[in-house]
Amino acid sequence: MKDTHKSLYLLLFVLALAVNFAGINIKFFTDDPGLYASIAKNLIYKKDFLQLFTYNRDWLDKPHFPFWAVLISFKLFGVSVWAYRLPALLFFVISLVYTYLFTRKYYSREVAAVAVLILMTAQNTILSNTDVRAEPYLMGLIIGSIYHIARLEDRFTFKDILLAALLTALAIMTKGIFVITAIYGSLIGQLLFQKKLNHLFQFKWLWLPALTLFFTLPEFYALYIQFDLHPEKTVFGIQHVSGIKWFLWDSQFGRFVNNGPINRKVAGSIFFYLHTLLWAFAPWCLLFYYAVFKNIKSVFQRKKPAEYYTLSGGLLLLLLFSLSRFQLPFYTNAVFPLFAIVTAQVCFDQLSKFGTKFRLIGQWIFVILLPVIVVITNIALNPASYLFLNVDALLFGVVIFLIVTKIKEAHKRVFFLNCAAALFVGFYVNTVFYSEIVPYKGQIAAAEYINQKPFDSFHLYSLKAENNIFQFYCKRPVDIVSIEQFSSFKPTGVSVFYVNQQSMDYLIQTHADFKIIRSFVNYPNENLIPDFINKATRFKTLDHVYLITKPLKYSL
C-alpha cells in the first residue's frame with residue numbers, strides 16, 4: 001500500500017468515525033430508542049438490575065444485555081441521550097476492530113482497510129448509530145464471535161473458546177437465539193465447502209455451545225425471577241407466562257411468522273431486503289450484489305476462495321430475515337460487517353471487462369446521486385442556518401480534491417470518492433437535518449415543560465404506551481392509564497396526563513371531563529414524508545400533543 005493511500009485511508013477513517021459519533025447527543029425522534037432508554041432509566045428508579053419495566057409495568061420483549069450496558073453508562077455519566085448511545089457506539093467500534101482482524105486474517109491489509117471503510121460509510125450504519133436500537137451491539141458481537149471461531153478452527157486456545165462463547169452469549173442476550181444462524185452458520189458453511197464437516201465432532205466444538213449456555217445463564221435467571229416465579233402476573237393480556245419460554249421460542253418464532261402479541265400489520269415480503277439494501281447498504285449495495293454473485297459462481301466452479309465464513313453467515317441470516325413475516329429495515333445491520341468483507345474483495349480485484357465496468361458504474365451512480373439528494377433535501381428543508389452545510393461542503397470538497405489529485409487508478413479513485421459522498425450525506429444528516437426536524441417532536445417539549453419546578457409534585461401519566469420519548473425526558477417516573485379508563489380513573493393528588501392528538505380526539509368524542517394545561521406542535525409519524533421535509537408544506541403534516549388534567553381544585 002502506497003504512503004499516499006495510507007494517508008487517505010487514515011483521513012477517511014477519522015472522518016467516518018467523527019460522522020458516526022456526530023449524532024451522539026441528538027434528541028430522540030423515534031419511539032424505540034425512547035422506550036429502551038426509559039427501561040434502562042427505570043432500572044435506576046427501581047434499584048433492580050434484573051427486572052425490566054416500562055410505565056411501572058412488567059415488560060417482556062427484548063433480552064437484557066443492552067439495558068445492562070446502558071444502565072452502567074447511566075450510572076457512570078448520568079441519564080442522557082449521549083450516555084444511552086455511548087455503549088452502542090463502543091460496540092460499533094468493536095465491530096470495526098473485529099472486521100479488520102477477520103479480514104486481515106484471510107486477505108491483504110488494504111482489503112481489510114476497505115472493508116472497515118465500507119462498514120463505516122454504509123448509510124444504515126450511520127443512521128443506526130444515531131437511532132440506536134440493538135444493531136450496533138450485534139455488529140460487534142457477531143463478527144467478534146465469528147473471528148474467534150475462525151481462529152479456533154485453525155488452533156484451539158482457551159482465549160478463543162472463551163471469547164467466542166462469551167460474545168455469542170452476549171449476542172443472544174441482545175436479540176435472541178436467532179443470532180446463532182449467522183455465527184454457527186458461518187462455521188458450518190466454512191466446514192461444508194471445505195469438506196470438513198466431520199470437524200464439527202471435535203471436542204472443542206462441543207465446548208462452544210456449553211460455554212455459551214453458561215454465559216447466557218444471567219438472562220435465564222432474570223427472566224425466571226421476573227416471570228416464571230410469578231405466574232400470577234398478567235403479560236400480553238394473559239397469566240402464567242413463562243419468560244424463559246418466551247425468550248427461547250415465542251419471541252423468535254412468533255416474530256418469524258408474525259402471529260405473536262407483537263406483530264406488524266403488513267406481513268413481510270421475501271424480496272423486502274433485496275430492495276431495502278439498495279438504500280440501507282448504499283453506496284455499496286450494487287457492489288455487494290455483484291460480489292455475492294461472483295462468490296457463488298466461484299463455488300459452483302469449484303474455485304477455492306480464501307474463506308467461506310462471511311458469505312455463509314451473512315447470506316443465511318439474510319435468508320432467514322427474508323423468509324420472516326416480521327421485517328424491519330435495520331435488521332440486516334447485524335451482518336453488515338460480513339457484507340462489508342464480501343464487498344471489499346471486489347473493490348480492487350482484477351475483474352472481467354463487464355465486472356470492471358459494473359464496479360465503476362455501480363459506484364459513480366452514488367458518487368453523483370448522494371450529493372444531489374443532499375442539495376435537493378436542503379432546498380426543501382431550508383434550514384435556519386447554513387453553517388454546518390458550508391462546513392460539510394468545504395471539508396469534503398478538500399477530501400475530493402485530494403482524491404482526484406493523488407489517486408491515479410480509476411477503480412481506487414471512485415472507491416474513495418464513494419466514501420466521501422457517503423460521509424458527506426452522513427455529516428449533513430447528523431448536523432443539519434436532525435437539528436431541523438427534531439424540534440417538531442412534541443413529546444420532548446411536553447416533557448421539558450412538565451419538568452419545571454412548579455410541577456414537581458404532580459403525578460405523571462401517559463394514555464398510550466407509544467409515548468416513550470415523553471417517558472424518557474421526564475425527570476421522574478411516568479405511569480400509564482388506558483384511554484378507555486380515563487373517565488373513571490381517580491388519581492391520587494394532582495396528576496398530569498400526556499395525550500397525543502389521536503387520544504385527544506377520542507376524549508372529545510366521548511365527552512371526557514378534562515382541562516388542557518398546554519399544547520405543543522408535533523409531527524406524529526416516524527417515517528419522514530416529503531411534505532414534512534419541505535418547509536413550505538410542513539404545517540400540513542403537523543398536529544398537537546397535550547398535557548391535560550382531570551378537574552381538581554388547584555391553581556397552576
Side-chain angles (χ1 to χ4, degrees), residues 1 95 98-119 142-157 160-161 164 168 180-205 208 277 281 284-320 335-359 362 409 411-412 415:
M1 191 189 301
S95 77
Y98 275 121
T99 298
Y100 182 86
L101 290 175
F102 182 92
T103 313
R104 187 67 188 93
K105 176 176 170 58
Y106 294 100
Y107 306 96
S108 69
R109 184 176 285 105
E110 189 161 26
V111 172
V114 167
V116 170
L117 279 178
I118 289 174
L119 179 57
I142 288 176
I143 186 60
S145 302
I146 293 173
Y147 170 71
H148 289 291
I149 285 173
R151 284 173 56 90
L152 277 172
E153 171 57 15
D154 294 339
R155 182 172 61 89
F156 177 86
T157 67
D160 287 313
I161 191 72
T168 302
I180 65 175
T181 303
I183 297 171
Y184 289 175
S186 67
L187 172 63
I188 293 172
Q190 175 76 5
L191 297 179
L192 175 65
F193 289 119
Q194 288 188 332
K195 298 180 180 180
K196 296 180 180 179
L197 268 181
N198 59 313
H199 285 202
L200 282 175
F201 299 100
Q202 292 178 349
F203 193 63
K204 60 186 176 184
W205 300 125
L208 182 59
L277 285 173
F281 200 57
W284 312 109
C285 48
L286 298 179
L287 276 189
F288 169 68
Y289 293 147
Y290 178 75
V292 170
F293 166 77
K294 189 171 181 291
N295 274 271
I296 293 176
K297 183 180 176 182
S298 297
V299 171
F300 281 103
Q301 292 178 341
R302 300 185 182 278
K303 296 179 181 178
K304 292 184 178 181
E307 49 84 22
Y308 298 94
Y309 289 103
T310 50
L311 189 68
S312 302
L315 290 188
L316 272 174
L317 198 54
L318 183 62
L319 177 63
L320 179 67
V335 285
F336 271 14
L338 304 182
F339 291 176
I341 297 167
V342 170
T343 307
Q345 299 167 37
V346 300
C347 283
F348 296 167
D349 277 358
Q350 185 72 33
L351 302 178
S352 65
K353 188 175 181 181
F354 168 80
T356 301
K357 287 184 177 180
F358 185 87
R359 178 170 61 191
E409 304 95 325
H411 59 288
K412 291 192 177 184
F415 169 78

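Predicted model, so just to flag it, every value in this text is computed and none were measured.
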Let me confirm one number: the [atom1]-[atom2] distance from [X] to [Y], rounded to the nearest 0.5 Å.
X: N295; Y: T343; atom1: CG; atom2: OG1; result: 9.5 Å
X: I146; Y: T99; atom1: CD1; atom2: OG1; result: 10.0 Å
X: L311; Y: L316; atom1: CG; atom2: CG; result: 9.0 Å
X: I143; Y: T310; atom1: CD1; atom2: OG1; result: 8.0 Å

Identify, with sequence neighbours excluded, every residue that meets ring-ring contact (aromatic ring centres under 6.0 Å, His included) alongside [X].
X: Y184; answer: none
X: F288; answer: F281, F339
X: F293; answer: none

Check [X] against [Y] and note the closest heavy-atom contact, atom names and distance.
X: L119; Y: F336; answer: CD1-CB, 3.7 Å
X: V342; Y: A291; answer: O-CB, 3.5 Å
X: L338; Y: G314; answer: CD1-N, 3.4 Å
X: C285; Y: L277; answer: CB-O, 3.2 Å
X: A182; Y: L317; answer: CB-CD2, 3.8 Å

Is a side-chain N or O of [X] found less than 3.5 angstrom from the main chain of [Y], in a donor-acceptor match?
X: R359; Y: D349; result: yes
X: R109; Y: R104; result: no
X: S145; Y: T168; result: yes

Evaluate whether atom CD of Q350 has more than 12 neighbouring non-hydrogen atoms of other residues, nucleotides or ligands under 6.0 angstrom away. no

Taking only residues two or more places apart in sequence, or in another chain, which ones meet [X] in a side chain to side chain donor-acceptor pair (under 3.5 Å)?
X: K294; result: none
X: Q301; result: K303
X: S95; result: none
X: D154; result: K105

Before you tell me yes or no, could you show the steps for S312 and I188 under side-chain contact (heavy atoms from CB on, under 4.5 Å), namely the whole-Å CA-CA distance, both residues' side-chain angles and the distance that decides it to 0.1 Å? CA-CA 8 Å; S312 302; I188 293 172; over 6 Å; no

Partner residues of [X] under the side-chain contact (heavy atoms from CB on, under 4.5 Å) criterion, sequence neighbours left out:
X: F300; answer: I296
X: Y107; answer: T103, V111, A306, E307, I341, Q345
X: A164; answer: H148, I149, L152, L208

Would you call the rings of H411 and F348 parallel, tilted or perpendicular if under 30° counts as parallel and over 60° as perpendicular? perpendicular

Run the side-chain contact (heavy atoms from CB on, under 4.5 Å) test on W205 and L187 for me, step by step, so that the C-alpha distance in whole Å, both residues' side-chain angles and the decisive distance to 0.1 Å come before the verdict. CA-CA 10 Å; W205 300 125; L187 172 63; 3.8 Å; yes

Quick one: side chains of residues 189-203, donor-acceptor pairs under 3.5 Å with protein atoms, not counting sequence neighbours, listed by atom name and distance.
{"from": "Q190", "atom 1": "OE1", "to": "Y308", "atom 2": "N", "distance (Å)": "2.6"}
{"from": "Q190", "atom 1": "OE1", "to": "Y309", "atom 2": "N", "distance (Å)": "3.4"}
{"from": "Q190", "atom 1": "NE2", "to": "Q194", "atom 2": "OE1", "distance (Å)": "3.4"}
{"from": "H199", "atom 1": "ND1", "to": "E153", "atom 2": "OE2", "distance (Å)": "3.3"}

Close side-chain approach of W284 to F415, heavy-atom, < 4.5 Å: yes

Would L351 and Y290 satisfy side-chain contact (heavy atoms from CB on, under 4.5 Å), going step by step from the backbone distance to the final call? CA-CA 11 Å; L351 302 178; Y290 178 75; 4.0 Å; yes

